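Here the structure is laid out as structure tokens; the discussion comes afterwards.
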Amino acid sequence: MYRSHNCGELTASHINTEVTLSGWVQKSRDKGFMIWVDLRDRYGITQLIFDEERTSKVILEQAQKLGREFVIQIKGTVIERESKNKNIPTGEIEVLVKELTILNESLLPPFTIEDKTDGGEDIRMKYRYLDIRRNPVKNNLIFRAKVTQEVRNFLSNNAFIEVETPYLIKSTPEGARDFVVPSRMNEGEFYALPQSPQTFKQLLMVGGMDKYFQIVKCFRDEDLRADRQPEFTQIDCEMAFVEQEDILNVFENLTRHLLKEVNGVEVDKFPRMLYDDAMRLYGNDKPDIRFGMEFGELNDVAQHKEFSVFNSAELVVGIAVPGGNAYTRKEIDKLIDWVKRPQVGALGMIYCRVNEDGTFKSSVDKFFDQEDLAKWAEKTGAKAGDLVCVLSGDTNKVRAQLSALRMELATRLGLRDPKVFAPLWVIDFPLLELDEETGHYHAMHHPFTSPKPGQIELLDTNPGEVKANAYDLVLNGNEIGGGSIRIHDKATQAIMLKHLGFSEAEAKAQFGFLMDAFEYGAPPHGGLAFGLDRLVSILGGQETIRDFIAFPKNNSGRDVMIDAPAPIDEAQLKELNLKLDL
Ligand code: ASP
């Protein structure tokens, strides 16, 4: 038996008990005649004491050779500590060691395995198994397990069936590139790894499973923006015989269950916002509603004066920064530089101070009088002591820029408390989105999303106006889930694919299996998927999803621990009938 107890459970009630413990040497303090060792395992740290008299000289000498991260087993007696440590659960006792076995030695670890480590990100990724021994990483993984456990509890209790779907499949378009896998047995042919199990879960509905879920890996070969992973995990769900309302209710309840069980937070009914309103008021389809600072559109009060920058703009829009009138001229200049950075891309920023006495002072006083500026304040909700920041230009771009500024200022003002949870449904997304570069429409969600009833005719005349029964769940400014009511008849699916630019032959080759299935009694259905990594990191009050993934990839999509991706040898290439052309 390696252990009778773990390293986190011995307390004063165990005094005089004989115990066996196993674990890692976190550190030791050697006084010559006496040695203390901190023994660590997943559950905690227990202090061991070796001394010349009570232990034995042989064991003391053995203990003197213990290095950091040696794996040892000890037998001994629990005794009361002289100087107690109130900060840890085992702080009242120590174990007087009588037997010591070294189970495995360790090289000196490349960084300290303690909560505060001296190791940089790269080295910790290379030795991730050592990093996992540290509380911050270990606790995140335990936290993630608790979330998935609660997801399974909730969904299983609500009659969902967990079904696995294949990884070696054919492309499912979710808007990214596919990772592909060559098939040895089918020369010159490739599988695609699923960007999501979308078509399979729909086929499960045709198969009568009624309520499906799966905690599943998805693979998307995207240029990695910050905090994305090429493989990530979804809580993927689908239901038959449902309308949008049914789905929103079930998954609102799931999210509420998680907030309660995992965070101990009770949340009321989630507010809902139309996509168009989200864009108008926050410039963003995933607004953070923990704070206000809503957009005020200023076209009717700021255009048709002498200021040509505004006159030529499609949109003039502002936000009120609470207390912003306290900013010095220098601070405001810095803010202007901030919006002009290429990452944000604004050409400039106009501002207007709202003075305590109700007067205004703007950077464009030459063109706008007090009455004009009062209207800016009114439209943006600015009060005395605030600062109105105004951007102008092309609608989509300006909204994105002002949204970035809004989030930045809120962060600086401390308005984004990770312990406050503000969930929100954004509904009625457009069905299609115009790709400005190619001039083509593509599916905003995916090609299986159903247009709103009665809007299908609009596809021919005004495709950008068609709305879908598509929804996103937003938490604290992050999209944590999204889904839609699906098309479930062949004719509509064919129309949709035609509008997305698929020829009849291409549609048949790529999605014939799904369209065929729709001819055998497909029930109305819909669903959604949560991004588990992001959900867990937000519930955990942290920003980076990497911190909640056991073995994440870096920003270049590499696993630096196992050194993947890597070349394969000639023989393997030959077997797959592949030739490299680099
Ligand atoms: N398959 C979709 C996605 O990955 C989710 C859904 O529509 O259920 O975003």
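Keep in mind the model is a prediction, meaning the values are calculated, not measured. Atoms within each ligand, like the ligands themselves, are counted from 1 in listed order.
Counting only N and O atoms by type, the side chains of Asp236 and Tyr212 include a donor and acceptor under 3.5 Å apart. Defined by atom type and a distance below 3.5 Å, a donor-acceptor pair is missing between the side-chain atoms of Gln234 and Ser196. Side-chain atoms of Glu433 and Tyr441 form no donor-acceptor pair, as typed in the model, at a separation below 3.5 Å. Side chains of Ser183 and Glu189: no donor on one and acceptor on the other come within 3.5 Å. Of the N and O atoms on the side chains of Asn140 and Asp547, not one donor lies less than 3.5 Å from an acceptor on the other residue. Between the side chains of Asn253 and Arg256, at least one donor N or O lies within less than 3.5 Å of an accepting N or O.
Contacts between Ala529 and ligand 1 below 4.0 angstrom, taking non-hydrogen atoms only, involve backbone and side chain alike.
Nearest to atom 9 (O) of ligand 1 among the protein's heavy atoms is Glu174 OE1, 3.8 Å. Here the protein heavy atom with the shortest distance to atom 5 (C) of ligand 1 is Gly482 O, 3.5 Å.
Distances from atom 4 (O) of ligand 1 to the heavy atoms of Gln202, Glu479, Glu238, Gln234 show the closest one on Gln234.
Taking the six-membered ring where tryptophan is involved, the planes of Phe160 and Phe213 are perpendicular, since the angle between them exceeds 60° and thus also 30°.
His445 counts as a contact of ligand 1, since one of its heavy atoms falls under 4.0 Å from the ligand.
Geometrically, ligand 1 and Gln195 share no nitrogen or oxygen pair separated by less than 3.5 Å.
Using a 4.0 Å cut-off to heavy atoms of Ser196, the atoms of ligand 1 that qualify are 1 (N), 4 (O). The Lys201 neighbourhood of ligand 1 comprises atoms 6 (C), 8 (O), with distances under 4.0 Å to a heavy atom of that residue. Distances below 4.0 Å separate heavy atoms of Arg220 from the following atoms of ligand 1: 3 (C), 4 (O). Listed by number with element, the atoms of ligand 1 under 4.0 Å from a non-hydrogen atom of Gly483 are 6 (C), 7 (O). Atoms of ligand 1 lying under 4.0 Å from any heavy atom of Arg486, numbered from 1 in the order shown and given with element: 6 (C), 7 (O), 8 (O).
Exactly one of Lys553, Arg144, Lys217 qualifies for a salt bridge (charged side-chain N to carboxylate O under 4.0 Å, His left out) with Asp533. That residue is Arg144.
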